[in-house]
Protein chains: 2
Amino acid sequence: MPTIKSVAKLAGVSVSTVSRVLNSSGYVSAKTRKLVMDAVAKLDFRPNHVARSLVHRESKTLGLIVPDIANPYFPALARSVEDAASAAGYVVILCNSGNMEESETRYLSWLRQRMVDGVLLASTNQVTPERLGQDWPVVLLDRDLEGLNVDSVRVNNFLGAQEAVLHLVALGHRKIAHLAGPENVTTAKERVAGFRAALALAGINPDDQQVIHGPFSYEFGQAGMAQLLSAGEVPTAVFCANDMIALGALKTCRERGVNVPLEVSICGFDDIFLAEHTDPPLTTVRQPIYEMGQAAVQMLLSRIKERSQKTPSGKPAPYRGETILLEPQLVIRSTCSRPAN
Amino acid sequence: MPTIKSVAKLAGVSVSTVSRVLNSSGYVSAKTRKLVMDAVAKLDFRPNHVARSLVHRESKTLGLIVPDIANPYFPALARSVEDAASAAGYVVILCNSGNMEESETRYLSWLRQRMVDGVLLASTNQVTPERLGQDWPVVLLDRDLEGLNVDSVRVNNFLGAQEAVLHLVALGHRKIAHLAGPENVTTAKERVAGFRAALALAGINPDDQQVIHGPFSYEFGQAGMAQLLSAGEVPTAVFCANDMIALGALKTCRERGVNVPLEVSICGFDDIFLAEHTDPPLTTVRQPIYEMGQAAVQMLLSRIKERSQKTPSGKPAPYRGETILLEPQLVIRSTCSRPAN
DNA sequence: TTGTAAGCGTTATCAG
DNA sequence: CTGATAACGCTTACAA
């Protein structure tokens, strides 16, 4: 690998001159510039980014931690994040925590050691300020730190869930179950709240309805639906906390010969790519995934910039703790219809 | 951020001593060790990995370039790769080239500048040795460099395709179309070859069958199927080069009221997570995705090790160009049946 | 307009 | 057992 030294030697100039032309900083005569450029081309020299990072104390790298890369929601998010980051000259390190807090913490630490400039965290775990590590630019994705001053971009889960359940109610359902996400995750909690609010609005006692908590996974969808189906009173509709759960539920119905939507209506949340292609196509609440990624990156980038500018002034810039809230949208497809009777 | 210097000062020792205890290299008395450890804990010091990389000329980082993160095949692969890498103490930078050669090249260059120790390349583009850059550890995933000495781990596409088409033939189909991948990608080519071989074996002239090339995408599946359906002679079965294409084809059939499998049988390739959950569930050829990722990482890691060991001896180690070939497996579900008549 | 030298945070070689 | 000191590849005052 050629270094800046080899280029300097070949061009017959000093390393600082090479550096100058490479960064177009400072004056350098046209002829020397050409000399250097030629040497660079001849050697196919590319500046070592690691060395640069060390000097500049920034790596032009972002970290993105997701809980489950197998859930299509996250690849979609990753793509959006990468697009935005890439456009700004950043590369993103994608880390899959597999829903394990330990792994998440380890990644956080790794990223910090690698001088990553900031991280986007889509955590399924309890996020605490300590775990995030001091004054490191972090924006939370689709999660909130309840009342704490952490930046985040999220979707209005309450409204989305409420709208979905209201739709079910409007169709005539009175017996609606909820296959909810993990009990201690804000996203899931908010959806439960929306679910209950809609019910209350319709004059249905939320406490009479079944709410089963579990991970945001296909497997939970299968198991949860099975449980619902074998209970004494089978609901005529089930609102799932995300699409993966809905897919699992759909699968169980198919296996058991339960017709969707005739016997039971199913509604999801997220609108992942596949939702449109299940059979029947899934009615669900769409999250503006692409926009979320974009917004999150913008936010993170501006925090990073602020930080680097504030440094000279002295104090580490007060933490704003802004949150961008995007609106979800109900997408009506074919898994919800009037109840049979 | 605390540095090794601050630790040294706090502990009242020299930086080299701190380094020694941190890397458990060289002798250091129990008491000094404790002194240092305490300082480390107090400061919450973590060694700057970037500086380390610079010294060691290795970053303990792997790059993974995929053509399309939205195709569930790649997240699955990514997950496997990350598992393996992580177990070996490496972190992986996932790059989505979006099927664009330019973006792929840019990433390759970025990764090199970041001193990534090796890269796993799942390219949809034409891969040439020049583009890979000199002697950099690279292993190709699911792609081949036809006859060139590049390491790769792949699946036996020929056999997989052949088996699938033989299955169709056995069901009684004689009019079988192929929605093939990009014309110049080895993976796609091999599948076409398997398709043709199976036909020939069955006494059907491959040249009489329709083969339409296009990207490995859902959209192409839709469009390709539409084209097939509106042609004069509609095939009774279509073999799709991957599952995304098959999903698209399925969608077009549903939209047009064409019954699958009664009117037309559809077979995919990959066995992505969703294949099982389409309606009807997709018959497809399973690739051992997880094993591929694991094998690729092992291979890459061993190349990296070889390289670092060979350096002292002088020569850059002859390029072996090994390829690991895994076997695919036909998974029969419900999208293929006997032709109607 | 260009070169010298210090420094980014570590590790490693060599003396002591 | 421990401490200077020279790298690693690059940027950037500061001189010249």
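Reckoned from all heavy atoms, side chains included, excluding hydrogens, waters and symmetry mates. Lettering follows sequence order; numbering is per chain, from 1. Keep in mind it's a predicted model, so treat the numbers as computed, not measured.
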A.B. asks: Check the side chains of A:Y290 and A:D83 for a donor-acceptor pair under 3.5 angstrom, ignoring hydrogens and angles.
C.D. replies: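 Side chains of A:D83 and A:Y290: pair found under 3.5 Å.
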A.B. asks: Could you tell me whether B:R112 sits above the aromatic face of B:W110, with NZ or CZ closer than 6.0 angstrom to the six-membered ring centre and within 45 degrees of the axis?
C.D. replies: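 No, cation not above the ring by the 6.0 Å, 45° rule.
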A.B. asks: Pick from A:V28, A:L10, A:V18: which one makes a side chain to side chain contact (heavy atoms under 4.5 Å, CB included) with A:V36?
C.D. replies: A:V18
A.B. asks: Would you say the side-chain atoms of B:D117 pair up with the backbone N or O of B:E58, donor to acceptor, closer than 3.5 Å?
C.D. replies: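 Not a single qualifying donor-acceptor pair exists.
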A.B. asks: Whole-Å distance between D:dC8 P and B:M115 CE?
C.D. replies: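 Value for this atom pair: 12 Å.
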A.B. asks: Across the strands shown, which category fits B:V13 at heavy-atom distances under 4.0 angstrom: base, sugar-phosphate, nothing?
C.D. replies: sugar-phosphate
A.B. asks: Provide, to the nearest angstrom, the distance between the CD atom belonging to A:E58 and the P atom belonging to D:dC10.
C.D. replies: 17 Å
A.B. asks: Between D:dC10, D:dG9, C:dG3, which one does the side chain of B:R57 approach most closely?
C.D. replies: D:dG9
A.B. asks: B:S14 side chain: which of D:dG3, D:dC10, D:dT2 is closest?
C.D. replies: D:dG3
A.B. asks: Tell me the interatomic distance from B:R114, atom CZ, to D:dC10, atom P, rounded to whole angstroms.
C.D. replies: 14 Å
A.B. asks: In this structure, how many angstroms lie between the P atom of D:dG3 and the NZ atom of B:K9, rounded?
C.D. replies: 15 Å
A.B. asks: Under 3.5 Å, is there a donor-acceptor pair between the B:S16 and B:S19 side chains?
C.D. replies: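 B:S19 and B:S16 do not have a side-chain donor-acceptor pair below 3.5 Å.
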A.B. asks: Given axes from five pairs at either end, by how many degrees does the helix from C:dT1-D:dA16 to C:dG16-D:dC1 bend, rounded to 10°?
C.D. replies: 50°
A.B. asks: How about B:R114 and A:R114: do any of their side-chain heavy atoms sit closer than 4.5 Å?
C.D. replies: no
A.B. asks: Could you tell me whether the side chain of A:N71 and the main chain of A:F74 form a donor-acceptor pair under 3.5 Å?
C.D. replies: no
A.B. asks: Between protein and nucleotides 11-16 of chain C, map the contacts as a letter string: B base, S sugar-phosphate only, - none, heavy atoms under 4.0 Å, written 5' to 3'.
C.D. replies: SB----
A.B. asks: Give a yes/no on whether any side-chain N or O of B:S29 is located under 4.0 angstrom from OP1 or OP2 of D:dT2.
C.D. replies: yes
A.B. asks: Could you give the CZ-to-P distance, from B:R46 to C:dT10, as a whole number of Å?
C.D. replies: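 Distance check: B:R46 CZ to C:dT10 P gives 12 Å.
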A.B. asks: Does any N or O in the side chain of A:T187 come within less than 3.5 Å of the main-chain N or O of A:D142, such that one atom is a donor and the other an acceptor?
C.D. replies: yes
A.B. asks: Quickly work out the B:Q113 CD to D:dT11 P distance and round it to whole Å.
C.D. replies: 11 Å
A.B. asks: On DNA chain D, does the nearest nucleotide to A:K5 precede the nearest nucleotide to A:T17 from the 5' side, or the other way round? Give the residue.
C.D. replies: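 Upstream on the strand: A:K5.
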A.B. asks: With a 3.5 Å cut-off and no angle check, do the side chains of A:S109 and B:R46 form a donor-acceptor pair?
C.D. replies: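 Result is yes, a qualifying pair exists.
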A.B. asks: Quick one: B:N48 CG to C:dG7 C1', roughly how many Å, whole number?
C.D. replies: 14 Å
A.B. asks: What nucleotide among C:dT10, D:dT2, C:dC8 has an atom nearest to a side-chain atom of A:L54?
C.D. replies: C:dC8
